[in-house]
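The chains referred to below are lettered A, B, ... by the order of the sequence lines, with proteins before strands, and numbering in each begins at 1.
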Protein chains: 2
Amino acid sequence: MAIDESKKLSSSDLTRLLRQTITSGEFSPQDRLPSERVLSERFGTARGTVRSALAKLEREGVVETRPGSGTYVVGEERMVTNQVVANASPLELIDARFALEPHSCRLAVLNARSADFEKLEALMDEMEQASDNPAKFSELDTRFHALLAEITGNSLLIWIVAQINSVRNQEQWKLMRHLTLNEDMIHAYNRQHREIVAAIKQREPERAAQLMKNHLESARLSLTRSAAT
Amino acid sequence: MAIDESKKLSSSDLTRLLRQTITSGEFSPQDRLPSERVLSERFGTARGTVRSALAKLEREGVVETRPGSGTYVVGEERMVTNQVVANASPLELIDARFALEPHSCRLAVLNARSADFEKLEALMDEMEQASDNPAKFSELDTRFHALLAEITGNSLLIWIVAQINSVRNQEQWKLMRHLTLNEDMIHAYNRQHREIVAAIKQREPERAAQLMKNHLESARLSLTRSAAT
DNA sequence: TAGATATATACCAAAATTGTACCAATTCAA
DNA sequence: TTGAATTGGTACAATTTTGGTATATATCTA
C-alpha cells in the first residue's frame, strides 16, 4: 500500500485509512492485522493513535481484537471500493453518468416537490452568476446533479451519485475541468440545466431524460475534444 | 467582463464554498475538517476569515466545533456501503437497476467479444437447467447481470453492479425471491435473457436496452404482485 | 473620513498525540 | 510442561496540535 509520507495522520484519518486498507482487500476476513506496534511504524504514528483508530473500527464491527492474540478482520469480503472509484477514467465516469442520470430524471419527475424546485432554482441562479468562475461553477454543478439524485428519494441512487462525485472532487479531475470549462461551455450547461428542470417541472419524464442525455453528450464531446488537442 | 482568478474570498464566499464542499460529499458526516490553520492556507485567506465562516456554518448547524479537537461535520453516521445497500428497499433496488442495466446493455453491444458470448451462453444454459431450483437460478441470474456489466469494460459500472448484487445475497432478499420465483417466472426470465443476448449479438443497442427494460419491468411487476398478496 | 472587513501575529487552555514503561493473555517451540 | 517471545491493555508525563481570544495594521466601502 502506498502511503503519502508528506501528510500527517490524525486519528480519524488513520481510521479511514485502515478501513480502506481492509475493504480494499489487502486483508481478508478472519485475517489477523499486523500488530499495533507494526502498524504504528508503518503509518508513522504512535501506537496510541493506532489503538484509538482500531477501537473505532471495532465499534463499527469491522474488526475484532483479542488480547494477547491480535486484531482480526470480521465480516464479509468487500470489493475494491475506493480504488475502483479513484482509478476510473474520465470516459468511464461519463458512461456511468449516462447510465444513471437520465433515469434519475425520470424518477425525479415522479417525486419532485415544490421545495425541491426552489432548491434547484436557487442553485441554477448561483451557477449563472458563476459563469466567469469555472471552479465555483464546477462545485455547484456537482451539487446540482447530487440534488437531482436526492429528489428521486432513492437511497441507492443518492449513494451511487455521491460516490461518483467523490471522484470529481479529486485534484486530477479539477485540473481536467480547468481545460474543458470555458465561459461559452458554462453558458451552454446553464441553458441545459434550465431545460432539464423545466421538463421535470412539467412532469415530462422522457423529455427530461432525453435532455439529460444531451447534456451528458455535450460533456462527453468537450472531453474528447480536449483530449484530442 | 474580465476574469480575475486570484480574486480574494470574502467571508460569505468562503461560507458558501465550505458548505458546498461539505454537502457535495468531500467531507462526510462525523468527519473532522482540516484545522483552521490548514484551511486558511488552502483557501488563501486569513485564519480569522475561516473562523467567521465556520462560525456561520455552526450557527446553521452544518458543523460543530470542539475546542482543542477540531471542527466536525454534523449529521448522521457516514453512509458506509454496507448500510446503504443493506437498508435499500426492493423497489429502490429495482429502480437503480432500471437506471443502470439498460445502458449497460448499450455499452455491452459496443464491447462484447466472442469469448463474452460464450460465457453468456454457458451461463444461460446453466440457468435453464436450474428451472426447478429457485436458489440456484437466482445465484446464476445475479452472475448473469454482473457479467453484462463486466462486458462493458467500465470499471465503475462493474463495481456499482457488484455492490447492488451484494444486497441480493442477503437473507431477507432470499426470502422474498422465494415468494416471487416460481417455475413459470424462471422460464419467462430465461426467455428474456436469451432475447437480450441475441440483441447484443446482433449489435442492436437500443433494442437490447429496451429488452432489458422489459425484463426489469417483469421483475418489478412480480415484486409488486407479491407485495399485494 | 469613518465604519466594516480582512490580515497578521501572539498567546492561552483544552485536547490529541507521542514516547515510554510495565502488565496480562496468548502463542509456540524446546 | 515450561519458558521465552509476542500480543493487546493500561498508565503517565512531555510534546504537539487545535480552537478561543486579543491586538494592531491594512484595505475596502459608503
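OP1 or OP2 of dG8(D) has at least one side-chain nitrogen or oxygen of T71(A) nearer than 4.0 Å.
For T49(B), taking side-chain heavy atoms from C-beta onward, the closest of the listed nucleotides dG19(D), dG9(D), dT7(C) is dT7(C). Here the side chain of R32(A) is nearest to one of dT7(C), dG8(D), dT7(D), namely dT7(D). The side chain of S35(B) lies closest to dG19(D) when the candidates are dG19(D), dT17(C), dT7(C). Taking every side-chain heavy atom of T65(A) into account, dG8(D) is the closest of dT18(C), dG8(D), dC11(C). Across dG9(D), dT18(C), dG20(D), the shortest atom-to-atom separation from the side chain of P67(B) is found for dG20(D). The side chain of R47(A) has dG9(D) as its nearest neighbour among dG9(D), dC11(C), dT27(C).
Between the two ends of the helix from dT1(C)-dA30(D) to dA30(C)-dT1(D), each summarised by a five-pair axis, the helix axis turns through 30° (rounded to 10 degrees).
The nearest whole Å value for the distance from the CD atom in E64(A) to the C1' atom in dA25(C) is 15 Å. Between the CD atom of E58(B) and the P atom of dG20(D) there is a distance of 7 Å, given to the nearest Å. Going from atom CG of L54(B) over to atom P of dT21(D) covers 14 Å, rounded to whole Å. We find that CZ of F43(A) is positioned 18 Å from C1' of dT18(C), with the value rounded to whole Å. Whole-Å rounding puts the E36(A) CD to dA24(C) C1' distance at 14 Å. The distance between atom CG of L33(A) and atom P of dG8(D), rounded to the nearest whole Å, is 9 Å. R37(A) places its CZ atom 16 Å from the P atom of dT18(C), with the value rounded to the nearest Å. Rounded to whole angstrom, the span from the CG atom of L39(A) across to the P atom of dT18(C) amounts to 14 Å.
Nearest-nucleotide positions on DNA chain C for A46(B) and Y72(B) put A46(B) closer to the 5' end.
For K119(A), the side chain to side chain contact (heavy atoms under 4.5 Å, CB included) partners two or more places apart in sequence, or in a different chain, are L147(A). Residues that satisfy the side chain to side chain contact (heavy atoms under 4.5 Å, CB included) test with R207(A), not counting sequence neighbours, are A199(A), Q202(A), E204(A), L211(A). Scored by the side chain to side chain contact (heavy atoms under 4.5 Å, CB included) test, F144(A) finds L120(A), L123(A), M124(A), M127(A), L148(A), H193(A), V197(A) as partners (sequence neighbours excluded). Among residues two or more places apart in sequence or in another chain, the side chain to side chain contact (heavy atoms under 4.5 Å, CB included) test is passed with P67(A) by none.
E60(B) CD: more than 12 foreign heavy atoms inside a 6.0 Å radius.
Judged by a 6.0 Å distance limit and a 45° cone about the ring axis, K213(A) is not positioned over the six-membered ring of F98(A).
Applying the salt bridge (Lys or Arg N to Asp or Glu O under 4.0 Å) test to pairs two or more places apart or on separate chains, those with a residue in residues 149-163 of chain B are R143(B)-E150(B).
Ring geometry, Y189(A) versus H215(A): the interplanar angle exceeds 60°, so the pair is classed perpendicular (tilted spans 30 to 60°).
R66(B) comes within 4.0 angstrom of sugar-phosphate atoms only, judged by non-hydrogen atoms across all strands, and of no base.
At a cut-off of 3.5 angstrom, counting only N and O atoms as typed in the model, there is no donor on one side facing an acceptor on the other between the side-chain of R51(A) and the base of dG8(D).
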